[in-house]
Q: 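Have a look at this one before I ask anything.
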Amino acid sequence: MDPIESVHSDDGQAEGGPSTGDQAPLPVGLTDLERAIIAKLDDDKAQDMVLIDLRGKSPMSDAMIVASGRSHRHVGALADHLLRLFKDMGLGKVKVEGLPHCDWVLLDAGDVIVHLFRPEVRTFYNIEKIWAIDSAHRGAGAA
């Protein structure tokens with residue numbers, strides 16, 4: 001099972017390094033914060049993790065990580081564990097939205113934004129498609 005899927009860069013090349021064991025290769029150039037978030041989500045059994053590199057695409061953040069939890073409770077636990085991780089890493093006040101309902105929780109740690117979803121909610125909003133390189137709406141204007 002792949003712990004994380006990386007979104008391809010603008011030139012169409014997958015960003016990845018050598019694989020270790022049965023895990024998918026992680027993108028080259030991950031920051032310590034990105035690695036820590038991915039490791040924590042993997043340890044907590046988050047599903048379908050995707051790392052979207054926003055460097056050069058958006059001034060709001062360097063990366064976006066999207067993952068799913070199995071239930072409201074699982075999404076809440078994932079968010080709580082990430083908040084503890086951020087505090088331990090000295091980030092202090094991370095902006096959080098959606099924690100009471102735990103359908104979609106957003107954690108804004110500045111350089112990295114984390115979206116945690118229940119699977120049904122993630123499918124409905126499909127935010128990965130907005131940032132996908134080969135989105136249909138991007139190709140439509142070029143024709």
Side-chain angles (χ1 to χ4, degrees), residues 1-140:
M1 174 187 290
D2 295 342
I4 187 166
E5 175 185 332
S6 175
V7 175
H8 293 276
S9 64
D10 283 335
D11 61 3
Q13 299 295 317
E15 297 176 343
S19 180
T20 57
D22 61 346
Q23 293 183 350
L26 293 175
V28 175
L30 284 181
T31 65
D32 290 341
L33 178 60
E34 292 165 353
R35 286 185 190 281
I37 293 168
I38 291 166
K40 178 50 92 179
L41 289 172
D42 193 39
D43 288 347
D44 289 345
K45 309 293 187 222
Q47 300 172 334
D48 303 321
M49 283 187 282
V50 177
L51 171 70
I52 302 170
D53 185 5
L54 299 178
R55 291 169 189 89
K57 297 176 189 147
S58 174
M60 71 179 173
S61 186
D62 290 341
M64 183 182 302
I65 297 173
V66 183
S68 296
R70 296 179 303 275
S71 64
H72 292 97
R73 189 171 289 201
H74 189 212
V75 170
L78 292 170
D80 183 54
H81 293 173
L82 286 178
L83 287 171
R84 288 184 201 168
L85 173 73
F86 295 147
K87 185 176 180 182
D88 290 346
M89 293 184 78
L91 294 176
K93 296 189 179 200
V94 171
K95 296 174 188 136
V96 182
E97 295 288 334
L99 203 48
H101 300 292
C102 295
D103 283 328
W104 175 1
V105 177
L106 180 139
L107 299 111
D108 184 350
D111 292 339
V112 181
I113 296 172
V114 181
H115 294 272
L116 303 171
F117 290 98
R118 281 189 314 106
E120 307 81 33
V121 178
R122 183 174 180 175
T123 300
F124 180 79
Y125 287 105
N126 199 10
I127 66 168
E128 293 102 321
K129 188 174 182 179
I130 294 169
W131 294 99
I133 301 307
D134 57 350
S135 291
H137 72 275
R138 291 186 185 182

Q: Distance from Y125 atom OH to W104 atom CH2, nearest 0.5 Å?
A: 6.0 Å

Q: Before you tell me yes or no, could you show the steps for L91 and L33 under side chain to side chain contact (heavy atoms under 4.5 Å, CB included), namely the whole-Å CA-CA distance, both residues' side-chain angles and the distance that decides it to 0.1 Å?
A: CA-CA 10 Å; L91 294 176; L33 178 60; 3.7 Å; yes

Q: Taking all atoms of both residues into account, what is the closest heavy-atom pair of D111 and S61, and its distance?
A: O-OG, 2.8 Å

Q: Do D44 side-chain atoms and A46 backbone N/O form a donor-acceptor pair below 3.5 Å?
A: no

Q: Give me the atom names and distance for the closest heavy-atom approach of A67 to L41.
A: CB-CD1, 4.2 Å

Q: Closest heavy-atom contact between H74 and K45?
A: CE1-O, 3.2 Å

Q: Do you know which two heavy atoms are closest between V75 and F117, and how far apart they sit?
A: CG2-O, 3.5 Å

Q: Atom CD1 in I37, atom NE2 in H81: separation rounded to 0.5 Å?
A: 15.0 Å

Q: Report the C-alpha distance between D80 and R84 in whole Å, list the side-chain angles of each, state the deciding distance to 0.1 Å, and finish with yes or no for salt bridge (Lys or Arg N to Asp or Glu O under 4.0 Å).
A: CA-CA 6 Å; D80 183 54; R84 288 184 201 168; 2.8 Å; yes

Q: Please lay out, stage by stage, how H72 and D103 fare under the test side chain to side chain contact (heavy atoms under 4.5 Å, CB included).
A: CA-CA 6 Å; H72 292 97; D103 283 328; 2.8 Å; yes

Q: How long is the gap from CE on M64 to NZ on K57, to the nearest 0.5 Å?
A: 10.5 Å

Q: Without swapping roles, check the side chain of S68 against the backbone of R118 for a donor-acceptor pair under 3.5 Å.
A: no

Q: Any chance you could measure K40, atom NZ, to L83, atom CG, to the nearest 0.5 Å?
A: 12.0 Å

Q: Measuring from M49:CE to I38:CD1, what's the distance to the nearest 0.5 Å?
A: 7.0 Å

Q: Starting at CG of L116, measure out to CG of L107 and round the result to the nearest 0.5 Å.
A: 5.5 Å

Q: Counting only heavy atoms not in H101, do more than 12 sit closer than 6.0 Å to its NE2 atom?
A: no

Q: Check the pair L51 / L30 against side chain to side chain contact (heavy atoms under 4.5 Å, CB included), numbers first and verdict last.
A: CA-CA 10 Å; L51 171 70; L30 284 181; 3.2 Å; yes

Q: Taking atom CG as the centre, does D32 end up with more than 12 heavy-atom neighbours from other residues, nucleotides or ligands that are less than 6.0 angstrom away?
A: no

Q: Start with the C-alpha gap between I127 and V66, add the side-chain angles, then the distance that decides, and say whether side chain to side chain contact (heavy atoms under 4.5 Å, CB included) holds.
A: CA-CA 9 Å; I127 66 168; V66 183; 4.0 Å; yes

